[in-house]
Amino acid sequence: MGNLDDLNLAQRAAVEAGPGPILVLAGPGSGKTRVLTHRIVYLIQDLDIAPWRIMAVTFTNKAAREMRHRVDSLLGAKSSGLTMGTFHATCARMLRRESENLLGYDGNFLIFDTADQRQVAKQALQDLALDDKKFSPNRMLSGISTAKNELVTPEQYAASNYISEITRRVYQRYQEILVANNAMDFDDLLMNTVLLLDDRPDVLERYQRKYQYILVDEFQDTNTAQYELLKRLVNSQGNIFVVGDADQSIYKWRGADFRNLIRFREHYPNAQLILLEQNYRSTQVILDAAKAIIRHNRERVDKELFTDRKGGSQIIIREAYNDVEEAELVVNTIEQIMLEGVHLGDCAVMYRTNAQSRVLEEAFIRAGINYRLVGATRFYGRREIKDLVAYLRLVHNLADSVSFGRVINTPTRGIGKKTMQTLSQWAQREGRQPGEALIQLIEEPDIAHPFSGRALSSLTRFGNMLRDWISMKDRLTIGELLDTIIDGSGYRLFIDDGTAEGRDRWANVMELRNVAVEFDELTLSEFLEQVALVADIDDLEEDPDAPTLLTLHAAKGLEFPVVFIVGLEEGMLPHSRSLDEADELAEERRLFYVGLTRAMDRIYLSHAFRRTTYGGTEVSVPSRFIQDIPEELLEGGSSGQRRRESQRRVSSWNWSSQTTSHSNRSGIERDARQKTTVRQVLPEPSSGQSLAKDEKKPVLTEAQYRTGQQVHHHKFGNGIVIESKLTGNDEEVVVAFSGSDVGIKKLVASLAKLEIKE
DNA sequence: GGATCTCATGTTTTT
DNA sequence: CATGAGATCC
């Protein structure tokens, strides 16, 4: 009785379906998480299945957490024992538990992230005396990853040409290095689990007996390894429940194959099929636009998505002069719709590539608006964090040569390339990893070794420190261990050099320390696993009042009242790397579809006339996807009209850009037709900031703010004006705020609404 | 051995 | 442009 009354007929049918295999095809916003959680509750409560007999897998920790949370709130504490997590985390757990059956690994194995993988690939290339310019580590890694996703081991790898023969050799060596490091990469977690189950029928049988019910979210994102894993785990009762939507398949590049949905039906011909077609999220307008977009893809089964939310705001498409102005457009529009009662937290800005976030961030900062950013420079990707995690990893697993290499001379302690090389060679001769060799050097004074003088004393000092840390790692909490390492290594002096950047980095270190203290009850092994398997999206906090900036990929599974999708240009979305293959183009379209269907109420689409890609700016063409949205769903003119307008602007901008540096603004002012377009496209020109502000505001001739003035900002508090200058028709004010965590900010006067306090 | 500079190089999406 | 690798200077 997990509140089945809250469900519609199809949802309810899914929740209560079975026994046997069940395939739920769930359109966007059709309540699939709801169905999954209710299904779990139903199994436990109505069918009396013990929670520990249920496994539910997702693709992100966030999804898993959310599901557990919902199950718990429906069920109370009775869900304990439930296996719920990402594919990767679930596999890692199984592998650790079965580590004695794993050839070459022990239960302390580490998980290597992408940066670590690159190091290993480089090492492999070096070991094979191959030129890493001719065979780029990335290329090698992608070949290796593809193989692993297809469950192809180095021995099985069939080389069909020169480059694949190289890949095969590198793969082989790469794998040897991983084993020597007692480390697995992400793909290994999946592949090794499958290999283990194939290798050990007794283990397989144990798991099959244990898990009577398996549930899978986002099934369209499974790759071969994941699919095969599930196939093995499902026992003869065949109680597997999968939810997916081929139209939201956006991870082909990671080996995902939505045809697994079809394979599922072939493999389980008796599978019950349930369609969730009612959308509870979006307005009719949004849904119609999304359907119009996705309909262009071939090779798909059309779902009859429908919603009760008839009508709705029309979709707004705008062109900005360049990416900076596009960002301003977004910010201005957000400020404007706030007047209509929209909250900052209701808004999301989505883009194709992480690189696009910067311009947006800058625009939000100028406007003094907080934002939350998903991804881009992930916390655990920062240098200082990686350094310290490397220390922890090395202490935990002395065999980790990647961490060893990272840490041995950070902070610098007089161990250079030469010494490092000698150490590696010596270690290799002794059949050990460099870290192990170093400890041996410390503990066996009589051992023959190739070091002397300065190198020896540096090595000894570091080795002693390392040995001490290892000896206390089990007595100390992770926080204490981290403190000891920071202290002993002199890391603080190294990183906190007094500059603003140094302070930021130190602040990050302290943040890591907080995390460590927070996870104090975890073992070091668990902590490191946690660190390795977090995704960017995982630490998205719940609704602070700030707009969210994220990639379209990261947006999957989320919803927002107001969605902005920026950079709708050929080469951007669809991305240039996908233009010459129909499959990839179809995936870009799905990506756009995913973005559109995140929106509940309003959608703003934009593209820039010129875009700054690394180096210069390039003129861009509006995305082909825009033309696929029916005109009656758009506000402001037909697409044909817009295209003509944009053609005209091309000439006017080209013309004006040669004369003034603020060509965009003057260009707009000079082109009467452009004004018309802007007006048409704006939601409410009357209340309008946004581009239209240029027309209405008198040009500023004198600065409002002066150096030394005391000012107040609603968010940053009190401060003193350091500098103020006119920029075109606005004023840029630099203010030093007294709040210690605020510091110096550059603000745009018309947006920041500074009060002068004199 | 180490720091600093220059140059090239390449950029999708992520567990 | 932002990062990394190699060259150069201390």
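Chain A is the first sequence line, chain B the second, and so forth, proteins listed ahead of strands; every chain is numbered from 1.
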Problem - Atom pair distance, as rounded to whole Å: CZ in R454(A) and C1' in dG1(B) - result: 6 Å

Handout entry: Listed partners of E98(A) passing salt bridge (Lys or Arg N to Asp or Glu O under 4.0 Å), at least two apart
Key = R206(A)

Practice task
Would you say whether Y251(A) stacks on dT13(B)? The test is a distance between ring centres of less than 5.5 Å and an angle between planes of less than 30°.
Solution key: no

Problem - Integer angstrom distance from the C1' of dG4(C) to that of dT13(B) - result: 23 Å

Exercise for the section: Please work out if D187(A) contacts a base, only the sugar-phosphate, or nothing of the nucleic acid, heavy-atom cut-off 4.0 Å. Expected result: nothing

Handout entry: Y491(A) ring center within less than 6.0 Å of F494(A) ring center
Key = yes

Exercise for the section: Would you check if V407(A) and F462(A) make a side-chain contact, meaning some heavy-atom pair closer than 4.5 Å? Expected result: yes

Problem - Flag, side chain of N397(A) to backbone of R393(A), donor-acceptor distance under 3.5 Å - result: no

Exercise for the section: Whole angstrom is fine here: how far is it from CG in D116(A) over to P in dT14(B)? Expected result: 18 Å

Practice task
Determine whether more than 12 heavy atoms belonging to other residues, nucleotides or ligands lie under 6.0 Å from atom CZ of R139(A).
Solution key: no

Handout entry: Length of the line joining D188(A):CG and dT15(B):P, which is rounded to integer Å
Key = 17 Å

Exercise for the section: Figure out the CZ/C1' separation between R254(A) and dT15(B), and round it to whole Å. Expected result: 5 Å

Exercise for the section: Go through dG2(B), dT14(B), dT15(B) for me and flag the one nearest to the T114(A) side chain. Expected result: dT15(B)

Please list, pair by pair, any protein nitrogen or oxygen found under 3.5 Å from a nitrogen or oxygen in nucleotides 5-10 of chain C.
unit_1, atom_1, unit_2, atom_2, d
dA5(C), OP1, K122(A), NZ, 2.3

Enumerate all atom pairs, one protein N or O and one N or O from nucleotides 3-5 of chain B, separated by less than 3.5 Å.
unit_1, atom_1, unit_2, atom_2, d
dA3(B), OP1, T412(A), OG1, 3.4

Problem - Separation of atom NZ in K386(A) from atom P in dT3(C), rounded to whole Å - result: 15 Å

Exercise for the section: Could you check whether T419(A) gets within reach of a base, just the sugar-phosphate, or nothing at all, counting any heavy atom under 4.0 Å? Expected result: sugar-phosphate

Handout entry: Salt bridge flag under 4.0 Å for residues E570(A) and R624(A)
Key = yes

Practice task
Could you tell me whether the phosphate oxygens of dT14(B), OP1 or OP2, come under 4.0 Å of any side-chain nitrogen or oxygen in T60(A)?
Solution key: no

Handout entry: Short side-chain N/O contact from N138(A) to OP1 or OP2 of dG10(B), under 4.0 Å
Key = no

Exercise for the section: Check whether any side-chain heavy atom of Q356(A) sits under 4.5 Å from a side-chain heavy atom of R611(A), and report yes or no. Expected result: yes

Practice task
Return the 5'-most residue of the pair K418(A), T353(A) with respect to DNA chain B, ranking by each residue's nearest nucleotide.
Solution key: K418(A)

Handout entry: Side-chain N or O of N61(A) closer than 4.0 Å to phosphate OP1/OP2 of dT15(B)
Key = no

Handout entry: Note: E218(A)-K32(A) ion pair, threshold 4.0 Å (strictly below)
Key = yes

Exercise for the section: In plain terms, say whether K133(A) and D131(A) are close enough for a salt bridge, that is, a side-chain N and a carboxylate O under 4.0 Å apart. Expected result: no

Exercise for the section: Identify whether any heavy atom of F186(A) sits under 4.0 Å from a base atom; if not, whether one sits that close to sugar-phosphate; answer base, sugar-phosphate or nothing. Expected result: base

Problem - Between P of dG2(B) and CD1 of I408(A), the distance in whole Å - result: 11 Å

Exercise for the section: Describe the nucleic acid contact of I250(A) in one word from base, sugar-phosphate, nothing, applying a heavy-atom distance below 4.0 Å. Expected result: nothing

Fill in the blank from the handout: note: K556(A), atom NZ; dT15(B), atom C1'; distance rounded to Å ~ 12 Å

Problem - Criterion salt bridge (Lys or Arg N to Asp or Glu O under 4.0 Å) against E384(A), the qualifying member of R492(A), R503(A), R505(A), R406(A) - result: R505(A)

Practice task
Nearest-nucleotide wise, let me know which of A455(A) and L190(A) is further upstream toward the 5' end of DNA chain B.
Solution key: A455(A)

Handout entry: H88(A) NE2 to dT14(B) C1', straight-line distance once rounded to whole Å
Key = 9 Å

